[in-house]
Protein chains: 2
Amino acid sequence: MGIIERRQRQKTEVRTSILQAAWEVVLTEGWQALSIRKIADAIEYSAPVIYTHFESKDAILHEFTKEGFRLLTEAITQQRDSQTDASRQLEAMAEGYWNFAFAHKEYYQLMFGLGIPACEQVKRTVEMKEFADIVHAVIQEVIRAGSQPSIDAFLKYHTYLSILHGLVSIQMTGLNETVNPWSKLVLKDAVNGFIKALDG
Amino acid sequence: MGIIERRQRQKTEVRTSILQAAWEVVLTEGWQALSIRKIADAIEYSAPVIYTHFESKDAILHEFTKEGFRLLTEAITQQRDSQTDASRQLEAMAEGYWNFAFAHKEYYQLMFGLGIPACEQVKRTVEMKEFADIVHAVIQEVIRAGSQPSIDAFLKYHTYLSILHGLVSIQMTGLNETVNPWSKLVLKDAVNGFIKALDG
DNA sequence: TAGTAAAGTTAACACCGTTATAAAAGCTAT
DNA sequence: ATAGCTTTTATAACGGTGTTAACTTTACTA
């Protein structure tokens, strides 16, 4: 009596087809456009069947974030093993991380909670530009007063902002398990390192 | 005939009441929970009137991101002026940035497109932990092989990740106007600085 | 073949952003 | 003051969302 076995098999088949259909939508329309009904249409079932395989829509997305971390882990592991020196490994892993992020943009956005639609227009606002100008000016001054005047201030501006934003957003999305006072040390650590490299 | 003047005055009154009501919702329930109907309820008007003041819901949110950048600019300007030395200014601005982000969490999330609900659970998955372990191990090795073995590997792990995530997400959200090849320089710049500080 | 358990369906609930249409209110000119 | 016009506001609707209750169909068992 392989009936329950076959049933189990069919059930997992539907499950994977849900994930496949969902991922198709995410790839072509972005994860914001994913809907239960769209998945149901694609797999040629009615919408409620999806809830026999996943607790909620979030659970489906969560599945993708897990898969994303698996892929990212694979990528950086490969990068690590391409080098023997630990420092070079760290360097290579950074590049692997970067490449993964843009090769699998949708995964990355899900993994780190990125993507408000309104964000695209912000870069063109005067408010953003004013902010950028102030930071840029100070960095320029640090370079001017330092021992390496040939450093590109624009490059350093982006680096500075990225470090700050990275620290904040990783803390904010709750992706690290440490508490607040501790992570302010990380801020000081990173910024001091950055400034040291700037003013030489 | 101050009639049209009064009408203009009343119109702007409704406009600001919309923004106030909207912000109230954002503060108490998060920006995901904001809806046109909720705003309409709060200001005791029907939903369509909102569209005589704002083109769309996104336009309302966009208003807040602009306000957010104004506040952030104010904060870092104040921090800058608390110091005379440019390097110290940059340091103070970083702290100002950090404080702003967590003092005005909702603003920051809107400004940088943060906040997928599913993100909270990720930190508890094995997939995330495995990834963390690999990176942590390499950093530990770099420290061991370097000239400052007393450096905290855990702290550096967070710093490393934050730098990477910051670079990626700022690039991805399109908040900087430069193109891809250029920003890979920023990556190399930041990572090399980080590694130098690590292996001494 | 009757009865039962599983699977899958339709219909509904309570929302959402947005817009077309209709009603009410306010002002102007006779 | 009232008729007519303009502006303002509301109701109703469209097409969508996640999710669940109730019902029907299918598949299997005795």
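Note on naming: letters A, B, ... go to the chains in the order of the sequence lines (proteins, then strands), and numbering restarts at 1 for each one.
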Legend entry - Pairs where residues 147-165 of chain A contributes a residue and the test salt bridge (charged side-chain N to carboxylate O under 4.0 Å, His left out) is met, not counting sequence neighbours: K156(A)-D189(B)
Inset, instruction - Please work out whether the ring planes of H136(B) and F154(B) are parallel, tilted or perpendicular, with thresholds of 30° and 60°. - result: perpendicular
Legend entry - All side-chain contact (heavy atoms from CB on, under 4.5 Å) counterparts of A132(B), not counting sequence neighbours: Y157(B)
Inset, instruction - Note down the inter-axis angle between the two ends of the helix from dT1(C)-dA30(D) to dT30(C)-dA1(D), five pairs each, to the nearest 10°. - result: 30°
May I have the list of side-chain donor-acceptor pairs in residues 191-200 of chain B shorter than 3.5 Å, sequence neighbours left out?
{"from": "N192(B)", "atom 1": "ND2", "to": "K188(B)", "atom 2": "O", "distance (Å)": "3.1"}
{"from": "D199(B)", "atom 1": "OD2", "to": "S87(A)", "atom 2": "OG", "distance (Å)": "2.9"}

Inset, instruction - Ignoring the backbone of Y45(B), work out which of dG8(C), dT10(C), dA10(D) is nearest its side chain. - result: dA10(D)
Inset, instruction - Rounded off to whole Å, could you give me the CD-to-P distance for the E13(A) and dA7(C) pair? - result: 14 Å
Legend entry - Nucleic acid contacts of residues 15-27 of chain A, taken as heavy-atom distances under 4.0 Å to DNA chain D: none
Inset, instruction - Output all residues satisfying salt bridge (Lys or Arg N to Asp or Glu O under 4.0 Å) with R7(A), sequence neighbours left out; order by chain, then residue number. - result: none
For nucleotides 13-17 of chain C, which of its nitrogen or oxygen atoms have a protein nitrogen or oxygen under 3.5 Å away, and what is each distance?
{"from": "dC16(C)", "atom 1": "OP1", "to": "S35(B)", "atom 2": "OG", "distance (Å)": "2.8"}
{"from": "dG17(C)", "atom 1": "OP1", "to": "I36(B)", "atom 2": "N", "distance (Å)": "3.1"}
{"from": "dG17(C)", "atom 1": "OP1", "to": "K57(B)", "atom 2": "NZ", "distance (Å)": "3.2"}
{"from": "dG17(C)", "atom 1": "OP2", "to": "I36(B)", "atom 2": "N", "distance (Å)": "2.9"}
{"from": "dG17(C)", "atom 1": "N7", "to": "R37(B)", "atom 2": "NH1", "distance (Å)": "2.4"}
{"from": "dG17(C)", "atom 1": "O6", "to": "R37(B)", "atom 2": "NH2", "distance (Å)": "2.8"}

Inset, instruction - Indicate the ring-plane relationship of W98(B) and F102(B), choosing parallel, tilted or perpendicular according to the 30° and 60° boundaries. - result: tilted
Inset, instruction - Check the distance between dG8(C)'s P and E44(A)'s CD and give it to me in whole angstrom. - result: 14 Å
Inset, instruction - Find out whether M172(B) and V168(B) are in side-chain contact, i.e. whether some heavy atom of one side chain is under 4.5 Å from a heavy atom of the other. - result: yes
Inset, instruction - Over 60° means perpendicular and under 30° means parallel, so classify the ring planes of F64(B) and Y107(B), tilted if in between. - result: perpendicular
Legend entry - Contacts of type side-chain contact (heavy atoms from CB on, under 4.5 Å), residue T52(B), not counting sequence neighbours: none
May I have the list of side-chain donor-acceptor pairs in residues 144-151 of chain B shorter than 3.5 Å, sequence neighbours left out?
{"from": "R144(B)", "atom 1": "NE", "to": "E141(B)", "atom 2": "OE1", "distance (Å)": "3.2"}
{"from": "R144(B)", "atom 1": "NH2", "to": "E141(B)", "atom 2": "OE2", "distance (Å)": "3.0"}

Legend entry - I43(A) CD1 - dA7(C) P separation (whole Å): 15 Å
Legend entry - Partners meeting side chain to side chain donor-acceptor pair (under 3.5 Å) with R70(B) (sequence neighbours left out): E127(A), E67(B)
Legend entry - All side-chain contact (heavy atoms from CB on, under 4.5 Å) counterparts of D41(B), not counting sequence neighbours: none
Inset, instruction - Assign each of K11(B) and P48(B) to its nearest nucleotide of DNA chain D by heavy atoms, then name whichever residue's nucleotide is nearer the 5' end. - result: K11(B)
Could you list the protein-to-nucleotides 24-28 of chain D atom pairs, N/O on both sides, closer than 3.5 Å?
{"from": "dC28(D)", "atom 1": "OP1", "to": "R6(A)", "atom 2": "NH1", "distance (Å)": "2.9"}
{"from": "dC28(D)", "atom 1": "OP1", "to": "R6(A)", "atom 2": "NH2", "distance (Å)": "2.8"}

Legend entry - Mutual orientation of the aromatic rings belonging to Y108(A) and Y97(A) [parallel < 30°, tilted 30-60°, perpendicular > 60°]: perpendicular
